[in-house]
> 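To start, I am sharing the structure in question, which I have written as structure tokens.
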Amino acid sequence: MTDISSTEPFLVFGSPLIEQAEIDEVIACMRSSWLGTGPRVAQLEHDFAVYQSMTQNQVAAVNSCTAALHVSMAAAGIESTAEVITTPMTFCASVNAIIHAGMVPVLADVDPLTQNIDPQAIENAITPRTRAILPVHFAGRPCEMDAIMKIARKHDLVVIEDCAHAIETTYHGRKAGTFGDFGCFSFYATKNVTTGEGGMIVGRDESNIARAKVLALHGMSKDAWHRFGDQGYKHYQVVAAGFKYNMMDLQAAIGIHQLARVERNWQRREQIWNRYMDAFADLPIRLPAPPAPETRHAYHLFTIMIDESVCGISRDAFLNKMNDLRIGTGVHYLAVPEHPYYQQRFGWNPEHWANAMRLGRQTVSLPLSPKLDDGDVDRVIRGIRSLIGKKEPT
Ligand SMILES: Cc1ncc(COP(=O)(O)O)c(C=O)c1O
């Protein structure tokens, strides 16, 4: 085994690239004494709308993607007890948001190659109670939106796209998040654009976004910036039992500069992605499917599959060995029905979503942050090659 010194610094999985501009803006925000929702959030909404080729009235900043998903479902006016179809290959937040909105999650299995929800499985899962589809653009690869939107139109379903991985993603020339009624983005610490914690909702219909904005701040008709600004005190009215989901200017201060560098960071991740694809081509691990034609992959996660029968090491042993090499990895995701809460509440058995179950038991996400320098990438490559032997000649 190649000797990789255990004294090397730990390579933290998903560590964001923070530059001086973010630090200066946070300090300026603190010096301004306006920490809550205000001009910097408005700036981030403006910049995000420009990036998505939308208007500022089609976007709303919130404090997480989980909040974005929840508020979108509330704003869509779907009756509680309705069924919402989503993927088992996602973070628990996608499913929990459905539950918090009072609805019933229904899982449709994924395509084994793309790891995205399979449109045919969606069609098979539709019942008279289905009201919405919540596709997740897994790892930054767009779902089959033509097929999904066709199903939605046929059955008159709301579509809420989980774009937590998909800020840069396009499908047939169009941005992820702009196909459905709502698109929900994450600015969590490991995401392609970060505000520490944060999220954004986009929607084609401005009235949906207006409703989402009110619901994201207690159901109040005016936010604090408009109440306490220099234009004189304005009364608010509570028009719904809303939530406390607003983003702070302190968070937006980071996001404004992160978003300004979104393309540069994407290019760096693409380079790292391509290096991994080349470096592991002769190993018996399964690599991500190449991006589909006429799409743009956001390169959020680089996931490999460790099948013990061909790699000679189990996935969990591999994770531990990577840790010994001081290389942080992730698991995206153990399939949702593997978790006890959902098994107990919904009687889910992972075997029913066989593709997601198998992928979830084999998958490992490698470091892909733009913060990685070439030496870090070399270390990851050497580490993996030291743990996994070459493919047997056939
Ligand atoms: C697919 C997916 N959906 C939703 C979320 C929730 O995002 P947030 O942490 O911003 O609430 C995440 C976060 O990891 C995610 O990966």
Side-chain angles (χ1 to χ4, degrees), residues 12-16 41 44 48 59-74 84-101 105 107-108 110 114-117 132-143 159-169 176-177 180 182-202 212 216 243-248 251-252 254-255 258-259 288 297-303 328-339 342 356 359-360 363-365 368-369:
V12 177
F13 178 84
S15 182
V41 170
L44 182 61
F48 198 79
V59 308
V62 286
N63 60 11
S64 71
C65 180
T66 310
L69 291 165
H70 182 193
V71 123
S72 296
M73 265 172 289
V84 180
I85 298 175
T86 192
T87 166
M89 185 42 65
T90 187
F91 187 51
C92 56
S94 319
V95 174
N96 289 349
I98 297 170
I99 297 169
H100 291 319
L107 302 178
V110 295
T114 67
Q115 305 195 56
N116 273 330
I117 195 165
I133 310 173
L134 197 158
V136 178
H137 303 292
F138 179 82
R141 183 191 179 98
C143 293
V159 174
I160 297 168
E161 298 174 62
D162 183 332
C163 302
H165 303 175
I167 291 175
E168 306 91 339
T169 301
F182 296 92
C184 300
F185 294 82
S186 174
F187 302 141
Y188 176 64
T190 60
K191 295 298 192 272
N192 293 356
V193 166
T194 185
T195 58
E197 297 281 1
M200 192 73 79
I201 312 172
V202 305
F243 310 96
K244 178 71 167 115
Y245 284 164
N246 54 309
M247 179 187 278
M248 296 193 292
Q251 296 165 297
I254 306 171
Q258 284 276 305
L259 186 58
H297 199 298
Y299 301 128
H300 176 59
L301 297 173
F302 189 95
T303 58
T329 49
V331 171
H332 302 89
Y333 299 94
L334 207 53
V336 169
E338 300 268 19
H339 295 287
Y342 308 110
L359 294 166
T363 191
V364 176
S365 302
L368 190 61
S369 162

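FYI, the numbering just counts along the sequence from 1. First listed ligand is number 1; within each ligand, the first listed atom is number 1.
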> What residues sit with at least one heavy atom under 4.0 Å from ligand 1?
Ser64, Cys65, Thr66, Thr90, Phe91, Ala93, Ser94, Val136, Asp162, Ala164, His165, Ser186, Tyr188, Lys191, Gly198, Tyr333
> Would you say CZ of Phe302 has more than 12 non-hydrogen atoms from neighbouring residues, nucleotides or ligands within 6.0 angstrom?
yes
> Looking at the rings of Tyr188 and Phe91, which for Trp means the six-membered one, are their centres under 6.0 Å apart?
no
> Residues two or more places apart in sequence or in another chain: which of them pass side-chain hydrogen bond (donor to acceptor under 3.5 Å, both in side chains) with Ser365?
His332
> Parallel, tilted or perpendicular for Phe243 and Tyr245, by the 30°/60° rule?
parallel
> Among Thr303, Val110, Leu334, which one satisfies side chain to side chain contact (heavy atoms under 4.5 Å, CB included) with Leu359?
Val110
> Under 30°, 30 to 60°, or over 60°: which ring-plane class applies to His165 and Tyr333, parallel, tilted or perpendicular?
parallel
